[in-house]
Amino acid sequence: MYLKRFTLPIEKEADLLCARAEHNGGPKYGYIDNPYPCGLFSGIGFGEAHFDRITIFYGGNGSGKSTLLNLIAEKLKLNRIAPYNSSEMFASYVSKCKYSMGYDDERSVKEN
């Protein structure tokens, strides 16, 4: 079993931010201390990662490589002991991410 595709909720970011702002103070006084990871990937037009037998992420510092790996690890509920960046938006962002798993032996795909 392997990760075949991981989709970020870039089209739902505005809704996530509005919901959090309302949670933090209502429609009139709502605020967000830290919108991370919202805006990180939508700003560069990256919304979906497709995986093959070997997948390499590359880019400059701050481009989102570690954030993407942390989102994947959190969505797949992988056991981690190292600390990672998070924010008040992180859990709701992860909840809207989607992935599909591939199975080599059955050649089928599981959607989530």
Side-chain angles (χ1 to χ4, degrees):
M1 181 168 49
Y2 61 95
L3 184 60
K4 183 75 174 167
R5 182 179 65 227
F6 193 81
T7 306
L8 301 165
I10 59 173
E11 286 122 16
K12 298 177 183 174
E13 286 182 355
D15 294 337
L16 289 169
L17 291 167
C18 286
R20 186 61 191 192
E22 188 164 328
H23 172 79
N24 285 351
K28 187 173 180 180
Y29 299 107
Y31 65 94
I32 296 174
D33 286 328
N34 183 356
Y36 172 86
C38 291
L40 182 62
F41 299 105
S42 59
I44 58 173
F46 180 76
E48 189 167 77
H50 296 267
F51 296 87
D52 209 331
R53 291 174 63 194
I54 297 175
T55 302
I56 298 171
F57 295 114
Y58 66 94
N61 291 339
S63 63
K65 302 176 302 288
S66 296
T67 297
L68 180 60
L69 292 174
N70 284 324
L71 290 167
I72 291 169
E74 192 69 17
K75 183 68 177 183
L76 298 176
K77 298 179 178 23
L78 301 177
N79 186 25
R80 296 178 288 166
I81 57 172
Y84 61 94
N85 287 340
S86 188
S87 72
E88 64 182 309
M89 294 299 303
F90 200 82
S92 59
Y93 195 89
V94 167
S95 73
K96 299 297 182 189
C97 290
K98 303 227 179 264
Y99 67 91
S100 63
M101 302 296 288
Y103 297 91
D104 284 334
D105 54 349
E106 298 173 11
R107 296 180 191 255
S108 63
V109 173
K110 175 185 175 186
E111 298 287 334
N112 181 334

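Bear in mind that the values here come from a model prediction, so they are computed numbers and not experimental data.
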**OP:** Taking the side chain as every heavy atom from C-beta outward, state whether Y93 and L8 have any atom pair closer than 4.5 Å.
**Re:** yes
**OP:** Give a yes or no answer on whether the side chain of E22 reaches the backbone of G30 with a donor-acceptor pair at less than 3.5 Å.
**Re:** no
Subject >> For the student: nearest non-hydrogen atoms of P35 and L17, plus distance >> reply: CB-CD2, 3.9 Å
Original post:
Is the shortest heavy-atom distance from the side chain of I72 to the side chain of Y99 under 4.5 Å?
Top reply: no
Subject >> For the student: nearest non-hydrogen atoms of F51 and L3, plus distance >> reply: CB-O, 3.1 Å
Original post:
Do Y2 and R53 come within less than 4.5 Å of each other through their side chains, counting heavy atoms only?
Top reply: no
Original post:
Atom NZ in K12, atom SG in C18: separation rounded to 0.5 Å?
Top reply: 15.0 Å
Original post:
Taking the side chain from K98 and the backbone from P9, do they hold a donor-acceptor pair closer than 3.5 Å?
Top reply: no
**OP:** Starting at NZ of K4, measure out to CE of M101 and round the result to the nearest 0.5 Å.
**Re:** 11.5 Å
Subject >> Non-neighbouring partners of S92 that pass side-chain hydrogen bond (donor to acceptor under 3.5 Å, both in side chains), sequence neighbours left out >> reply: none
Original post:
How about P37 and S87: do any of their side-chain heavy atoms sit closer than 4.5 Å?
Top reply: yes
Subject >> Under 3.5 Å side-chain donor-acceptor pair for Y36 and T67 >> reply: yes
**OP:** Check side-chain hydrogen bond (donor to acceptor under 3.5 Å, both in side chains) between E88 and all other residues, then give those that pass, not counting sequence neighbours.
**Re:** R20, N24
Subject >> Electrostatic pair E74-R80, nearest N-O below 4.0 angstrom >> reply: yes
Original post:
What heavy-atom pair brings C38 and M89 nearest, and what distance separates the two atoms?
Top reply: SG-CE, 3.9 Å
**OP:** Side-chain contact test, heavy atoms from C-beta onward, threshold under 4.5 Å: evaluate it for L71 versus F41 and give yes or no.
**Re:** yes
**OP:** Heavy atoms only: give me the nearest K75-S95 pair and the separation to one decimal.
**Re:** NZ-O, 3.4 Å
Subject >> Path from F57 to L78 over hydrophobic side-chain contacts below 4.5 Å >> reply: yes
**OP:** State, to 0.1 Å, how close G60 and S63 come at their nearest heavy-atom pair, and which atoms those are.
**Re:** O-OG, 2.8 Å
**OP:** Work out which heavy atom in D52 is nearest to a heavy atom in T55; give both atom names and the distance.
**Re:** N-OG1, 3.0 Å
